[in-house]
Engineer: 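Mind looking over this structure? Questions follow.
Within every chain, numbering begins at 1; the chains are lettered A, B, ... in the order of the sequence lines, protein sequences first and strands thereafter. Owing to the predicted nature of the structure, the values given are computational and were not obtained by experimental measurement.
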Amino acid sequence: MTFPFQGGVHPEGHKDATQQKPIELLPPPAQVVLPVSMHIGAPCEPLVKVGQHVLLGEKIAMSASPVSAPIHASVSGTVAAVEPRPHPNGGRVPAIVLENDGADTPHPDIRPFGSAEALTAEDLIAVIREAGLVGLGGAAFPTHTKIASGLGKIDTLIVNGAECEPYITSDHRVMLETPEEILGGLRALMKIYGLESAVIAVETNKPDAVETLRRTLPKRGGGVRVAPLATRYPQGAEKQLIRAVTGREVPPGALPAAVGAAVFNVDTVASIHRAVTAGTPLLRRVVTVSGSAVSNPKNLSVRLGTPLRAVFEATGGFREQPFKIIMGGPMMGVAQHNLDAPVIKGTNALLAFSREEGKPEKEPVCIRCGRCVSACPMRLLPVYLYHYEQKNMLAECERMRISDCIECGSCAYICPGRLHLVHSFRTAKQKLREAQKRGGN
Amino acid sequence: MPDTRLVVSSSPHIRAEEDTHSIMLDVCIALAFPLVIAVYFFGLRALTVTAVSVAACVFFEWAYRKLLKKPSSVRDLSAVVTGLLLSFNLPVSVPYWLPVVGAFVAVVVVKQLYGGIGKIFLNPALAARVFLFSFPVWMTSFPKPQPGQWNALPLWGAVDAVSAATPLSFLKHGALPADTYNLQDLVLGQIPGSLGEVSALMLLLGGVYLVVRRVITPRIPVAYLGTVAALTFLFPKGNVALDWMLYEVLSGGLVLGAVFMATDYATSPVTKRGQWIFGVGCGLLTVFIRYFGAYPEGVSYAILVMNACVWLIDKISLPRRFGIPRLARFIRKGGGKA
Ligand code: SF4
Ligand code: SF4
């Protein structure tokens, strides 16, 4: 039983390029760049000094804030610099630069904690926090913070394997290659929440993943079920996924816990398993490298902090000069202009396109076709939001619920007039935030 | 080093295939259905009047934007659609200068002066048609259809204003035109009337094409035609209710209006509920004008009046906010236990 969300779009999947390709290990680069902010929340403070030698998995930065995640050395070696470096989300952010000694000498703290069964819920949360885990689906919200905010309120635990963005297959490969890690991590989460059941949600365009997961489940299921969901963007968006699985809608401005739900990305859940059973903090992640400008599209397991350039080189470089490079999916990803920026915790894909995808329009004009309205999964009226933003009528934008916009891009994707709708909404939200700040002071 | 060859722009980075041009092309294709039958019934002059109307609309669109040094919008084909719809609303016997005047009103006065496609609040073709009623001699004389006669009307020069009574003029006096035109004539379009409005069959086929191609949803046409059908069935003017209803629905510009005019993007609501309200409103007004107004036909006025209410309708028909239950007692439907 599912409860389909309204709206959404059906962009071409383009997943064939990589979905059959097993995850390859990318050898660690000579130098990694680890920004102190790879997550949503407070940036970390470096714990190391230039010249200091660090071991693989050693904690090198942390924050006392409850909304933060520590950072670990993704190679062993020497701290070459602590200085601002290009960040994939734009601008320069303080980063710890490590010179790789090539030895991968592990830190003595990296040792198994035992099985999830043997640990208490508090211990498990502590392990997850210390491992620096964040939402690996792209959002990069600290996992332990998410767990803490929902303790005692959750009745439905959902593992997000929807992977609704075109091109990306990293979660798909994780589901195919390490389903037992997903189940292991899931059991740890069930223990933390005191739940007997959980749901793994997968889009129907990945029948092999559904099949593999079901085969891995214990014969009696153990309370876990796999829910195939319609292939429709943005099926994997948190609010839409919760609605699809439970029929409940998260109220405006509220957290999923408000409707008793918690959602974790499949790779995050697998990482929880590795943190518990092997003591491994988050050092690497799976990145899909694809797009029309990439010679040999691949799924790569990449050390955090690897420069984007090195990742693209590992796929045979570009077949032609890329027109645009995106970190993340084509619907919500961030365009990159500096390949020195590193892979961070939320980097689920790197895409390079050799030309504009889709027919561009010189002068975008709204024809009031209403397609954006039918496509909006949050039931907004993008055509009016845009109109009011353009006229700088921000109070009207607010009245028309601009704060509900999840910036999924469905409206702009479908718009025949080629309006820059999401850009306009970001601008409006930014202005509203600034106005609020001024009003608050 | 930043690579200046890389384009940095806001997400999303991909766009659907469909654009304004392809949508308008679909509308043109849908409009070809009624055009073909018009040529069959009224001769080649149906084609030349349409050609003049389209050419004039495209010319004014181009010239206006050229004069104001704005980027050309001819490529989006919306001027072609306006031209087609304008000629469809004219009797085939009009002199050629009439569609040119109409095109000026539609494209320059109604469309471009208000900022172009998407910013208009009145349907340009309908507004032009209403303006052209200042030339009643030409606008109210309808030649009889002559199936298969290519030169039923002279291509050049004046056309004798051979005026045949339309089915609607019978209805106005509370009589069924059954002796003159049977229902089959109305469905096929073998009746006097404006060039593109006569054949309910072809118009509906065009409408089905638009729905299949997802250019429009059936909401507005269904609400509009359904309202007119229901009202005329409930209040027949002293005739068999079913016959009366069918004649009312199939006469005049109703099907053309419901399928092609009331669904015009810029001048109809964008919300689902708003589209139902809009269609029902058009239907109510149409019947009201037909029954109590001075003119036999009410479609143009009904749609124009509703056009003016579109923003209001959208505002009062906002979809239910995500996460806010329709009624408080439905909170947690879907079975939460906490
Ligand atoms: S999809 Fe684009 S053109 Fe259509 S109404 Fe929305 S903003 Fe306007
Ligand atoms: S980006 Fe915002 S307005 Fe556009 S479809 Fe997504 S939620 Fe709706």
Side-chain angles (χ1 to χ4, degrees), chain A residues 3 9 11 86 153 155 166 239 246-252 254 259-260 321-326 330-340 353 357-359 361-363 365-370 373 378-379 381 383-384 400-401 404 407 409 412-418 420 422-423 426, chain B residues 1-24 70-73 76 78 116-120 214-217 264-272 274-275 310-311 314-315 318-325 331-338:
Chain A
F3 306 82
V9 290
K153 300 182 205 149
D155 61 27
K239 291 185 175 189
T246 67
R248 305 173 206 159
E249 292 183 352
V250 180
V259 293
Q321 166 62 31
F323 166 87
K324 196 189 252 183
I325 288 179
I326 302 160
M331 296 296 286
M332 291 186 77
V334 182
Q336 304 292 318
H337 71 290
N338 191 337
L339 294 181
D340 295 333
F353 294 114
E357 304 285 307
K359 291 173 269 181
E361 195 65 54
K362 278 202 202 71
E363 199 206 14
V365 179
C366 173
I367 56 172
R368 272 188 60 91
C369 66
V373 177
M378 297 304 291
R379 295 197 289 264
L381 307 187
V383 43
Y384 284 94
M400 305 283 273
R401 314 162 184 168
D404 286 4
E407 298 177 18
Y413 168 80
I414 205 80
C415 175
R418 302 289 188 256
H420 302 294
V422 180
H423 180 74
R426 282 198 192 112
Chain B
M1 274 286 104
D3 185 338
T4 50
R5 290 168 298 182
L6 291 176
V7 170
V8 179
S9 60
S10 181
S11 62
H13 306 285
I14 48 171
R15 302 283 193 147
E17 261 302 295
E18 213 177 33
D19 63 1
T20 305
H21 172 86
S22 69
I23 290 172
M24 292 298 158
K70 293 188 184 184
S72 169
S73 53
D76 72 22
S78 66
I117 187 172
K119 297 233 173 83
I120 27 180
R214 293 178 184 261
V215 172
I216 61 169
T217 68
D264 172 48
Y265 287 152
T267 56
S268 62
V270 293
T271 64
K272 262 188 222 178
Q275 291 172 349
V310 159
W311 278 54
D314 273 341
K315 290 265 161 90
L318 290 188
R320 179 172 65 83
R321 187 171 190 180
F322 192 96
I324 301 294
I331 289 183
R332 306 305 298 268
K333 88 174 171 183
K337 64 178 177 189

Engineer: Which atoms of A:Q336 come close to chain B, meaning under 4.5 Å heavy atom to heavy atom: side chain ones, backbone ones, both, or neither?
Structural biologist: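 Looking at A:Q336, just its backbone touches chain B.
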Engineer: Run the salt bridge (charged side-chain N to carboxylate O under 4.0 Å, His left out) test against A:R379 and tell me which residues pass, sequence neighbours left out.
Structural biologist: A:E249
Engineer: With side chains defined as the heavy atoms from C-beta onward, is the minimum distance between B:S10 and A:R426 less than 4.5 Å?
Structural biologist: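 Result yes, sub-4.5 Å side-chain heavy-atom pair found.
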Engineer: Looking only at heavy atoms, which two atoms of A:G333 and B:H13 are closest? And how far apart?
Structural biologist: O-NE2, 2.9 Å
Engineer: Any heavy-atom pair between the side chains of A:R418 and B:T20 that's under 4.5 Å?
Structural biologist: no
Engineer: Do you know which of B:T267, B:T271, B:I23 has the most heavy-atom pairs under 4.5 Å to chain A?
Structural biologist: B:I23
Engineer: Taking ring pair (Phe, Tyr, Trp, His ring centres under 6.0 Å) as the definition, give me every residue that meets it alongside A:Y384, ordered by chain and number, with sequence neighbours left out.
Structural biologist: B:W311
Engineer: How close do A:G409 and B:P12 get, heavy atom to heavy atom, and via which atoms?
Structural biologist: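 Of all heavy-atom pairs spanning A:G409 and B:P12, the closest is O-CG, 3.6 Å.
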Engineer: How close do A:A412 and B:R15 get, heavy atom to heavy atom, and via which atoms?
Structural biologist: O-NH1, 2.7 Å
Engineer: Side chain, backbone, both or neither: which part of B:T217 has a non-hydrogen atom closer than 4.5 Å to chain A?
Structural biologist: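 For B:T217, there is no contact with chain A at all, as no heavy atom is under 4.5 Å.
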Engineer: To the nearest 0.5 Å, what is the distance between SG (A:C369) and CE (B:M24)?
Structural biologist: 8.5 Å
Engineer: Measuring heavy-atom distances to chain B, does A:C366 have an atom under 4.5 Å in its side chain, in its backbone, in both, or in neither?
Structural biologist: backbone
Engineer: For a quick test of reading the model, state the closest non-hydrogen atom pair linking A:P252 to B:R321 and the distance between them.
Structural biologist: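 The pair with the smallest heavy-atom distance is CG-NE, 3.4 Å.
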Engineer: Taking side chain as everything from C-beta outward and backbone as N, CA, C, O, which of these in A:P86 sits under 4.5 Å from a heavy atom of chain B? Side chain, backbone, both or neither.
Structural biologist: neither
Engineer: Is any side-chain heavy atom of B:S78 less than 4.5 Å from a side-chain heavy atom of A:I367?
Structural biologist: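 No, their side chains stay 4.5 Å or more apart.
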Engineer: Is B:K315 close to chain A through its backbone or its side chain, or both, or neither, when contacts mean heavy atoms under 4.5 Å?
Structural biologist: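 Side chain only.
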Engineer: Closest approach of B:I14 and A:P166, non-hydrogen atoms and distance?
Structural biologist: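 Scanning both residues, the minimum pair turns out to be CD1-CG, 4.0 Å.
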Engineer: Side chain, backbone, both or neither: which part of A:L381 has a non-hydrogen atom closer than 4.5 Å to chain B?
Structural biologist: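 Side chain of A:L381 only, per the 4.5 Å heavy-atom cut-off to chain B.
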Engineer: Minimum heavy-atom separation for A:V422 to B:S11, with atom names?
Structural biologist: CB-O, 3.5 Å
Engineer: Relative to chain B, which of A:V9, A:I326, A:I325 shows the most heavy atom pairs under 4.5 Å?
Structural biologist: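 So the answer, after comparing A:V9, A:I326, A:I325, is A:I326.
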Engineer: Under 4.5 Å heavy-atom distance to chain B, tell me which part of A:P11 shows up: side chain, backbone, both or neither.
Structural biologist: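 For A:P11, side-chain heavy atoms alone lie under 4.5 Å from chain B.
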Engineer: Counting heavy-atom pairs under 4.5 Å with chain B, which one of A:K239, A:H423, A:M331 comes out on top?
Structural biologist: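 Between A:K239, A:H423, A:M331, the count favours A:M331.
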Engineer: Say whether, by atom type as modelled, one donor and one acceptor occur between the side chain of A:R368 and the main chain of B:S268 under 3.5 angstrom.
Structural biologist: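 Yes; at least one donor-acceptor contact below 3.5 Å.
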